[in-house]
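Numbers for residues simply follow the sequence, beginning at 1. Only a predicted model underlies this, so the values are computations on that prediction, with no experimental measurement involved.
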Amino acid sequence: MKRWTTWLGGGLGWALGGPVGALLGAAVGNALSDFWSTDERGSQVPSSERDFHASLLVLASMVIKADGKVDERELSFVREQFRQWFGVERANEAFSFFKKVVQEQPALTTVCGEVRRHMSVQGRIQIVGFLFALAYADGELQASERQVIARIAQYLGLNQQDFNRQELLHRPAEKRRDPYEVLGVTPEATDAELKSAYRKLVKKYHPDALQGMGDDVVKEAEATFRQIQSAYEELCSARGIK
């Protein structure tokens, strides 16, 4: 598999090895490559799962810095995600890598371009969902954070509806989610249009499309999919659709 290295942004050299590979920086060295390639037992991690986690490491660092400060609540959110993915011991090591990456300035278009070329749309949607959850970790989505996530979503090739849906689904639970918004239709949509929209979302958001990207990624996709199902069931009940 072809490997190549390029300098991005403020001097951080990322070695992108097929397909996206572990996103490596000169600031953290080869230890990150070894860490990202194996699990706590030393077994090889599937490339799709490695690509997903490594992409989040870089893109999450950009969102955290979007408002000009690094909030401890956002760092805690990332730390907890690492615990879920890697276990306590490896999470500490991963988080130390992450804090170094936060200090760097990788080129957003280059990183997103690699992710877009080598990751399925389902994986890219999950990345944007994670970034919204991260941005809400301090209780409020800042305009600067939303702007960065919007740019990332655009560079990842997501459409406006998928971006809006991820923002909606990751709002704090106490905020009402309009089921029509979740499905991407208006209240004027016919029953047939509602069913058609739901079928398209099932195809795009079904967790089965994320098999091989890690159990936690699949679980997060399942939670998102349940919200879509719930919105559809709510509207079917209101409309008397069988």
* **For Ser237, side-chain contact (heavy atoms from CB on, under 4.5 Å) partners two or more places apart** => none
* Gln227 vs Leu168, side-chain contact (heavy atoms from CB on, under 4.5 Å): CA-CA, chis, key distance, verdict -> CA-CA 11 Å; Gln227 291 190 70; Leu168 178 67; over 6 Å; no
* Asked: By salt bridge (charged side-chain N to carboxylate O under 4.0 Å, His left out), which residues pair with Arg199, not counting sequence neighbours?
  -> none
* To do: For the pair Glu193 and Val185, evaluate side-chain contact (heavy atoms from CB on, under 4.5 Å) and give the outcome as yes or no after the intermediate values.
  => CA-CA 8 Å; Glu193 290 170 336; Val185 297; 5.7 Å; no
Donor-acceptor contacts, no H, no angles, side chain residues 131-140, under 3.5 Å, sequence neighbours left out:
| residue | atom | partner | partner atom | Å |
| --- | --- | --- | --- | --- |
| Asp138 | OD1 | Glu140 | N | 3.3 |

* Those residues that, when tested against Arg239, pass side-chain hydrogen bond (donor to acceptor under 3.5 Å, both in side chains) (two or more places apart) -> Tyr180, Asp191
* **Closest non-hydrogen atom pair, Gln126 against Ala221** => NE2-N, 3.5 Å
* **Minimum heavy-atom distance Leu210-Gly123, with the two atoms named** => CD2-N, 3.6 Å
* **Note, Leu156 side chain near Met119 side chain (heavy atom, < 4.5 Å)** => no
* **Qualifying residues under side-chain contact (heavy atoms from CB on, under 4.5 Å), relative to Lys204, sequence neighbours excluded** => Ile125, Asn159, Asp162
* Qualifying residues under salt bridge (charged side-chain N to carboxylate O under 4.0 Å, His left out), relative to Arg83, sequence neighbours excluded -> Glu80
* Structure fact -> salt bridge (charged side-chain N to carboxylate O under 4.0 Å, His left out) filter on Glu72, not counting sequence neighbours, yields none
* So which heavy atom on Leu201 is nearest to which on Val182, and how close? -> CD1-O, 3.9 Å
* Output every pair passing ring pair (Phe, Tyr, Trp, His ring centres under 6.0 Å) with a member in residues 210-242, not counting sequence neighbours, ordered by first then second residue. => Tyr198-Tyr232, His206-Phe225
If you look only at distance, which donor and acceptor atoms sit under 3.5 Å apart when one is on a side chain in residues 143-152 and the other is two or more places apart or in another chain?
| residue | atom | partner | partner atom | Å |
| --- | --- | --- | --- | --- |
| Ser144 | OG | Ala66 | O | 3.4 |
| Glu145 | OE1 | Gln142 | N | 2.9 |
| Arg146 | NE | Glu167 | OE1 | 3.1 |
| Arg146 | NE | Glu167 | OE2 | 3.0 |
| Arg146 | NH2 | Glu167 | OE1 | 3.0 |

* Closest approach of Leu169 to Arg177 (non-hydrogen atoms, all atoms of both residues) -> O-NH2, 3.1 Å
* By side-chain hydrogen bond (donor to acceptor under 3.5 Å, both in side chains), which residues pair with Gln160, not counting sequence neighbours? -> Asn164
* Asked: CG/Leu75 to CD1/Ile64 distance, rounded to the nearest 0.5 angstrom?
  -> 5.0 Å
* CG/Leu183 to CD/Gln161 distance, rounded to the nearest 0.5 angstrom? -> 10.0 Å
* Can any side-chain N or O of Gln122 pair as donor or acceptor with the backbone N or O of Ala209 at less than 3.5 Å? -> no
* To do: Taking all heavy atoms of Gly157 and all of Arg116, pick out the closest pair and write down the distance.
  => CA-CZ, 3.5 Å
* Residues Thr224, Glu220; criterion side-chain contact (heavy atoms from CB on, under 4.5 Å); working and verdict -> CA-CA 6 Å; Thr224 298; Glu220 177 63 25; 4.1 Å; yes
* Structure fact -> Residue set satisfying side-chain hydrogen bond (donor to acceptor under 3.5 Å, both in side chains) with Glu234, at least two apart, ordered chain then number -> Arg176
* Structure fact -> Quick note, salt bridge (charged side-chain N to carboxylate O under 4.0 Å, His left out) partners involving residues 118-132, not counting sequence neighbours, are none
* Kindly compute the distance separating CD (Glu233) from CG (Leu235), expressed to the nearest 0.5 Å. => 10.5 Å
